[in-house]
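Excluded from the calculations below are hydrogen atoms, water molecules and symmetry mates; all remaining heavy atoms, backbone and side chain alike, are included. These numbers come from a predicted model, not from an experiment.
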Amino acid sequence: MALVHWNFYSHALGISTGANVILPQDAVEGGRKLPVLYLLHGLSDDYTIWQRRTSIERYAEPLGLAVVMPAVNRSFYANMVHGARYWDFISEELPRLARAFFPLSDKRADTFVAGLSMGGYGAFKMALSHPGRFAAAASLSGAVDIVDRTASARNDPIRHRELEDTFGPFETIPGSDNDLMHLIDKLAPRKRRPMLYQWCGTEDSLFQQNKDLYKRAKQRGVHIDYSTGPGDHTWDKWDEQIANVLAWLPLKGRT
């Protein structure tokens, strides 16, 4: 495997930013276009965290899978009301630039997204918003209910201000494209849906909202490969689960 520390200028953000990119060297040397997983970080992390805290490189190596791990700060993968256009960056600019710099496939069947916590929210948001672009998406311990998160922040001035700067007035979130429950409803009538994988530990503070999202999807006839198990919001579980996600991905040629 090859590891690329990729620094580049983002027009969407108006700043220089970075990502780590894992590339299967044999496939690159063979001139093949690679399937790609966009792997998203959580609220308190950065684009280096998946490699520092998991064995993602070792897990991806035998699969011939490229992994792109970008930086989005504490943006919740949104076009912030007071801040930068991180949704435009992550959903439009980053994939376009990644394909220009690296030998990545542009086919839906080869394009996947996953993340943890805030990144789990971002992964589902990307796939539910653009089901024609992603074959599969995985959320691990995802912060999947922004309506619930903002409600719980009303008595915390710091969290309240941060979330309001990100999403705007809280009353505008339900039914918007930042609301995964709403995106599940919009996905339901579509014939073309991405595969969805969801996991959350039973001791995690986000467990109930993950159960609620799964229940909403089931009611709407949207299938999610949903599982739970003992565990909290911790890296030992995410390391275990990202290996499971890679085994679950519908990679071509896998028997």
Side-chain angles (χ1 to χ4, degrees), residues 10-13 19 36-43 68-81 83-99 104-140 142-150 163 166-168 172-198 209-210 212-214 216-226 245 249-250:
S10 165
H11 290 281
L13 302 178
V36 58
L37 172 67
Y38 294 93
L39 188 55
L40 310 183
H41 68 72
L43 184 67
V68 177
M69 297 165 280
V72 301
N73 297 318
R74 294 173 64 90
S75 68
F76 267 93
Y77 301 87
N79 283 342
M80 303 172 73
V81 173
R85 293 183 293 119
Y86 279 96
W87 176 244
D88 291 349
F89 167 70
I90 198 73
S91 66
E92 303 290 345
E93 186 179 34
L94 177 74
R96 184 179 69 249
L97 287 176
R99 290 192 296 267
L104 306 180
S105 172
D106 62 357
K107 296 178 180 178
R108 177 184 185 270
D110 295 328
T111 307
F112 318 109
V113 60
L116 68 89
S117 196
M118 180 186 79
Y121 164 80
F124 270 12
K125 183 180 177 183
M126 288 179 72
L128 296 175
S129 298
H130 299 294
R133 299 184 194 175
F134 295 94
S139 170
L140 307 179
V144 293
D145 191 345
I146 295 301
V147 175
D148 176 76
R149 188 176 188 89
T150 52
L163 289 169
T166 301
F167 296 109
T172 67
I173 298 173
S176 75
D177 286 344
N178 288 315
D179 178 4
L180 294 190
M181 300 292 186
H182 171 64
L183 295 180
I184 287 284
D185 293 346
K186 288 177 65 177
L187 183 71
R190 291 176 179 258
K191 293 183 179 179
R192 198 178 203 188
R193 302 175 185 171
M195 293 172 54
L196 299 173
Y197 179 107
Q198 184 185 8
Q209 62 180 257
N210 275 267
D212 292 344
L213 182 75
Y214 172 67
R216 180 71 158 261
K218 190 173 181 179
Q219 289 171 343
R220 299 296 188 269
V222 175
H223 177 71
I224 299 179
D225 288 310
Y226 175 73
V245 168
L249 288 179

Does the pair Thr111 and Tyr38 meet the rule for a side chain to side chain contact (heavy atoms under 4.5 Å, CB included), with working shown?
-> CA-CA 8 Å; Thr111 307; Tyr38 294 93; 4.1 Å; yes

Would Gln198 and Asp225 count as having a side-chain donor-acceptor pair, cut-off 3.5 Å?
-> no

Is any side-chain heavy atom of Met118 less than 4.5 Å from a side-chain heavy atom of Tyr77?
-> yes

Are Leu187 and Pro194 side-chain neighbours, meaning at least one heavy-atom pair lies under 4.5 Å?
-> yes

Pairwise side-chain contact, His182 with Pro174, heavy-atom cut-off 4.5 Å (strictly under) | no

Does a side-chain heavy-atom distance below 4.5 Å link Val36 with Arg99?
-> no

Using the side chain to side chain contact (heavy atoms under 4.5 Å, CB included) rule, take Tyr121 and Phe76 through it: C-alpha gap first, then chi angles, then the decisive distance, then the call.
-> CA-CA 8 Å; Tyr121 164 80; Phe76 267 93; 3.9 Å; yes

Just wondering, do Asp145 and Leu213 contact through their side chains at under 4.5 Å, heavy atoms?
-> no

Residues passing the side chain to side chain contact (heavy atoms under 4.5 Å, CB included) test with Arg216, sequence neighbours excluded, are Met181, Ile184, Asp185, Gln219, Arg220

Evaluate side chain to side chain contact (heavy atoms under 4.5 Å, CB included) for Tyr86 paired with Asn73, printing each intermediate quantity in order.
-> CA-CA 9 Å; Tyr86 279 96; Asn73 297 318; 2.7 Å; yes

Glu92 bridged to Arg133 by N-O distance under 4.0 Å = yes

Side chain to side chain donor-acceptor pair (under 3.5 Å) filter on Lys107, not counting sequence neighbours, yields none

Looking at the rings of Tyr226 and Tyr214, which for Trp means the six-membered one, are their centres under 6.0 Å apart?
-> yes

Side-chain contact test, heavy atoms from C-beta onward, threshold under 4.5 Å: evaluate it for Leu163 versus Ile146 and give yes or no.
-> no

About how many Å separate CZ of Arg85 and CD1 of Ile90, when rounded to the nearest 0.5 Å?
-> 14.0 Å

Which atom of Phe167 lies closest to which atom of Ala78, heavy atoms considered | CE2-CB, 4.1 Å

Looking at side-chain heavy atoms only, is the closest gap between Leu128 and Arg193 below 4.5 Å?
-> no

The reported gap from NE2 in His41 to CE in Met69 (rounded to nearest 0.5 angstrom) is 11.5 Å

Measure the CG-CG distance between Leu104 and Leu97 for me, rounded to the nearest 0.5 Å.
-> 11.5 Å

Does anything in residues 110-129 pair up under salt bridge (Lys or Arg N to Asp or Glu O under 4.0 Å), and if so which pairs, sequence neighbours excluded?
-> Asp110-Lys252

Apply the test side chain to side chain contact (heavy atoms under 4.5 Å, CB included) to residues Trp87 and Ser129: give CA-CA distance (whole Å), side-chain angles for both, the deciding distance (0.1 Å), then the verdict.
-> CA-CA 11 Å; Trp87 176 244; Ser129 298; 3.9 Å; yes

Nearest-0.5 Å distance, CD1 of residue Ile224 to CZ of residue Phe124 = 5.0 Å

Smallest separation among heavy atoms of Ala123 and Ala138, with atom names | CB-O, 3.5 Å

